[in-house]
Protein chains: 2
Amino acid sequence: MKILSELEGVCLGIISKQQPCTAYKVRNDLKAAPSSHWQASAGSVYPLLARLEAAGLVAMSSDKCDGRGRKLLTVTPKGRKSLSKWVLAGADETLISSVSDPVRSRTFFLDALNAKQRRDFLDRTISELERFLQATESRLEEVPESEDLFGYLGSLGAMKVTEARLDWLRVVRERLTRT
Amino acid sequence: MKILSELEGVCLGIISKQQPCTAYKVRNDLKAAPSSHWQASAGSVYPLLARLEAAGLVAMSSDKCDGRGRKLLTVTPKGRKSLSKWVLAGADETLISSVSDPVRSRTFFLDALNAKQRRDFLDRTISELERFLQATESRLEEVPESEDLFGYLGSLGAMKVTEARLDWLRVVRERLTRT
DNA sequence: CGATGCATGTAAGCTGTTACATGATTGC
DNA sequence: GCAATCATGTAACAGCTTACATGCATCG
């Protein structure tokens with residue numbers, strides 16, 4: 001089994017934390033994540049889980065007590081090995097530098113806008129980011145440190161990075177209004 | 001013309017800054033970017049540029065002074081409009097929250113590792129991030145503020161976020177060794 | 001004259017998105 | 001009884017990656 005993709009790893013990780021759980025639950029967790037990078041559409045999650053099952057990383061068992069025909073997922077020992085391998089691969093140089101930020105990408109090409117559009121863009125982006133920061137902060141308060149330490153630390157990272165982005169955008173705005 | 005994808009927008013932006021330039025140059029700029037999120041493989045860039053040309057956003061002209069048959073790209077007026085639309089779309093809520101960080105994703109599932117593996121993972125990740133931060137800093141010094149202000153501000157953002165990620169990971173490491 | 005860099009592209013395959021489609025359960 | 005939520009999936013399509021393939025130019 002070759003190394004898992006980002007989405008595969010995240011899904012496997014969610015299952016390992018929530019097991020036994022349904023594919024539906026995995027999708028909802030994905031939607032609730034601090035990053036909306038993955039949209040977790042049915043069309044990606046269900047085939048993905050089928051792949052993981054075919055590879056022997058998760059086991060699907062039909063829940064007989066449920067008329068809806070829902071299937072409960074658990075991680076196999078082989079799946080646990082794959083998961084830890086996937087986590088460890090995160091220390092690779094290429095993965096570390098592969099964060100993508102659509103706002104930052106666009107900043108490079110801000111000269112495609114006129115002065116007024118630029119101001120509007122920055123104002124709107126900053127206020128959206130402030131809202132997003134608040135949402136991230138309240139998530140952090142909801143999940144207590146004692147219950148899910150790594151979930152807490154992950155969300156803490158999301159908050160820290162969002163703060164940094166906000167600080168930076170305020171610098172950009174100030175830098176541009178000064179001219 | 002519907003809204004441009006991330007990669008399409010970035011490529012169009014690069015051309016608008018470097019024009020007239022070749023597709024090869026676009027690829028190299030992409031590779032040199034502070035984020036390695038896009039690998040800028042030939043198989044994605046060339047078809048993408050063909051799409052942009054078909055949509056009338058860029059113009060391709062064969063350079064007659066070159067035996068290699070290289071083609072020079074320029075952005076059309078229609079392309080400039082598309083570019084500014086793409087930049088402005090970056091203020092949308094969904095795009096703002098769609099930053100993906102492979103390291104942070106994995107932090108959520110760090111309980112899949114044992115204590116020793118966790119320490120190793122964090123140590124390796126932190127030292128890789130330190131190296132990456134230095135590379136980002138030296139890029140910032142290379143491109144002077146006066147020459148390409150927005151390129152400078154974009155790289156500044158990359159640096160600030162990298163610093164925040166590093167700070168956060170040090171907190172995580174400390175938090176875990178304390179137990 | 002050989003290696004490296006410039007320069008362009010294609011083909012197969014995998015993954016993800018959008019939109020569609022269905023049905024059971026629960027709470028009001 | 002009806003709406004919202006739980007729950008699972010498929011089909012068509014678009015996009016990106018890997019690997020392959022070619023050829024000119026320049027420097028040592």
Side-chain angles (χ1 to χ4, degrees), chain A residues 1-12 14-15 18 20-33 35-55 58 60-73 86 94-95 98 100, chain B residues 1-12 14-15 18 20-33 35-55 58 60-73 94-95 98 100 102:
Chain A
M1 180 74 190
K2 60 174 188 285
I3 198 86
L4 298 169
S5 75
E6 291 301 297
L7 190 55
E8 284 169 344
V10 171
C11 287
L12 193 56
I14 290 174
I15 299 169
Q18 309 274 335
C21 70
T22 64
Y24 185 81
K25 174 89 175 105
V26 173
R27 281 183 66 198
N28 278 15
D29 272 34
L30 234 29
K31 279 182 209 159
S35 163
S36 71
H37 182 66
W38 293 298
Q39 309 193 330
S41 51
S44 65
V45 171
Y46 286 98
L48 183 151
L49 294 177
R51 272 200 314 273
L52 292 185
E53 198 205 9
V58 301
M60 272 186 201
S61 67
S62 306
D63 185 357
K64 299 224 169 102
C65 310
D66 192 296
R68 274 177 279 201
R70 70 176 187 174
K71 294 170 184 173
L72 293 175
L73 303 163
W86 174 78
T94 47
L95 274 182
S98 76
S100 71
Chain B
M1 179 73 190
K2 59 172 191 285
I3 198 85
L4 299 169
S5 74
E6 292 300 298
L7 190 54
E8 283 167 347
V10 170
C11 286
L12 193 56
I14 289 173
I15 298 169
Q18 308 275 334
C21 70
T22 63
Y24 185 82
K25 174 90 174 103
V26 174
R27 282 182 66 197
N28 278 14
D29 272 35
L30 234 31
K31 278 182 209 161
S35 163
S36 71
H37 182 67
W38 293 299
Q39 308 195 332
S41 52
S44 64
V45 171
Y46 285 99
L48 184 150
L49 293 176
R51 275 200 310 275
L52 292 184
E53 198 205 9
V58 302
M60 271 188 203
S61 67
S62 304
D63 185 357
K64 300 223 169 102
C65 310
D66 193 295
R68 276 176 278 198
R70 67 177 190 175
K71 294 170 184 173
L72 293 176
L73 303 163
T94 47
L95 274 182
S98 77
S100 71

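Throughout, a chain's letter reflects where its sequence line sits, starting with A, and its residues are numbered from 1.
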Rounded interatomic separation in angstrom, taking [atom1] from [X] and [atom2] from [N]:
X: Leu72(A); N: dC6(D); atom1: CG; atom2: C1'; result: 13 Å
X: Leu52(A); N: dG16(C); atom1: CG; atom2: P; result: 10 Å
X: Leu30(A); N: dA7(D); atom1: CG; atom2: P; result: 16 Å
X: Glu6(A); N: dG16(C); atom1: CD; atom2: P; result: 10 Å
X: Leu49(A); N: dA7(D); atom1: CG; atom2: P; result: 14 Å
X: Ile3(A); N: dT17(D); atom1: CD1; atom2: P; result: 18 Å
X: Asp29(B); N: dA7(C); atom1: CG; atom2: P; result: 12 Å
X: His37(B); N: dG15(D); atom1: NE2; atom2: P; result: 15 Å

Practice task
Using five pairs at either end of the helix from dC1(C)-dG28(D) to dC28(C)-dG1(D), determine the angle between the two local helix axes and round it to 10 degrees.
Solution key: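 Axis angle across the helix from dC1(C)-dG28(D) to dC28(C)-dG1(D), nearest 10°: 30°.
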Handout entry: Contacts of Ser36(B) that satisfy side chain to side chain donor-acceptor pair (under 3.5 Å) - sequence neighbours left out
Key =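 Checked Ser36(B) against side chain to side chain donor-acceptor pair (under 3.5 Å); matches are Ser97(A).
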Practice task
With sequence neighbours excluded, tell me which residues meet side chain to side chain donor-acceptor pair (under 3.5 Å) with Thr94(B).
Solution key: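 Here no residue qualifies.
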Can you name the side chain to side chain contact (heavy atoms under 4.5 Å, CB included) partners of [X], sequence neighbours left out?
X: Ala42(A); result: Arg27(A), Tyr46(A)
X: Ser5(B); result: Leu7(B), Glu8(B)
X: Gln18(A); result: Ile14(A), Cys21(A), Lys25(A), Asp29(A)
X: Ala33(A); result: none

All N/O contacts under 3.5 Å from nucleotides 9-14 of chain D to the protein, with atom names and distances to one decimal?
{"unit_1": "dG9(D)", "atom_1": "OP1", "unit_2": "Lys71(A)", "atom_2": "NZ", "d": "2.5"}

Exercise for the section: Examine dT8(C): is either OP1 or OP2 under 4.0 Å from a nitrogen or oxygen in the side chain of Tyr24(B)? Give yes or no. Expected result: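 No, because none of the side-chain N or O atoms of Tyr24(B) sits under 4.0 Å from OP1 or OP2 of dT8(C).
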Practice task
Would you please confirm or rule out a distance under 4.0 Å between OP1 or OP2 of dG5(C) and any side-chain N or O of Arg70(B)?
Solution key: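 So the side-chain polar atoms of Arg70(B) never come under 4.0 Å of the phosphate oxygens OP1 or OP2 of dG5(C).
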Nearest to the [X] side chain among [options], which nucleotide is it?
X: Asn28(A); options: dC6(D), dT17(C), dA7(D); value: dC6(D)
X: Leu7(A); options: dA7(C), dG16(C), dG15(D); value: dG16(C)
X: Ser41(B); options: dC16(D), dT17(D), dC6(C); value: dT17(D)

Problem - Gap separating the OG atom of Ser41(B) from the NZ atom of Lys31(B), nearest 0.5 angstrom - result: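 If I round to the nearest 0.5 Å, the distance is 9.5 Å.
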Exercise for the section: Search all heavy atoms of Leu73(A) against all heavy atoms of Thr22(A) and return the closest pair with its distance. Expected result: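 Nearest heavy atoms, Leu73(A) then Thr22(A): CD1-C, 3.9 Å.
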Handout entry: Nearest heavy atoms of His37(B) and Ser98(A), plus distance in Å
Key =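 That would be ND1-O, 3.4 Å.
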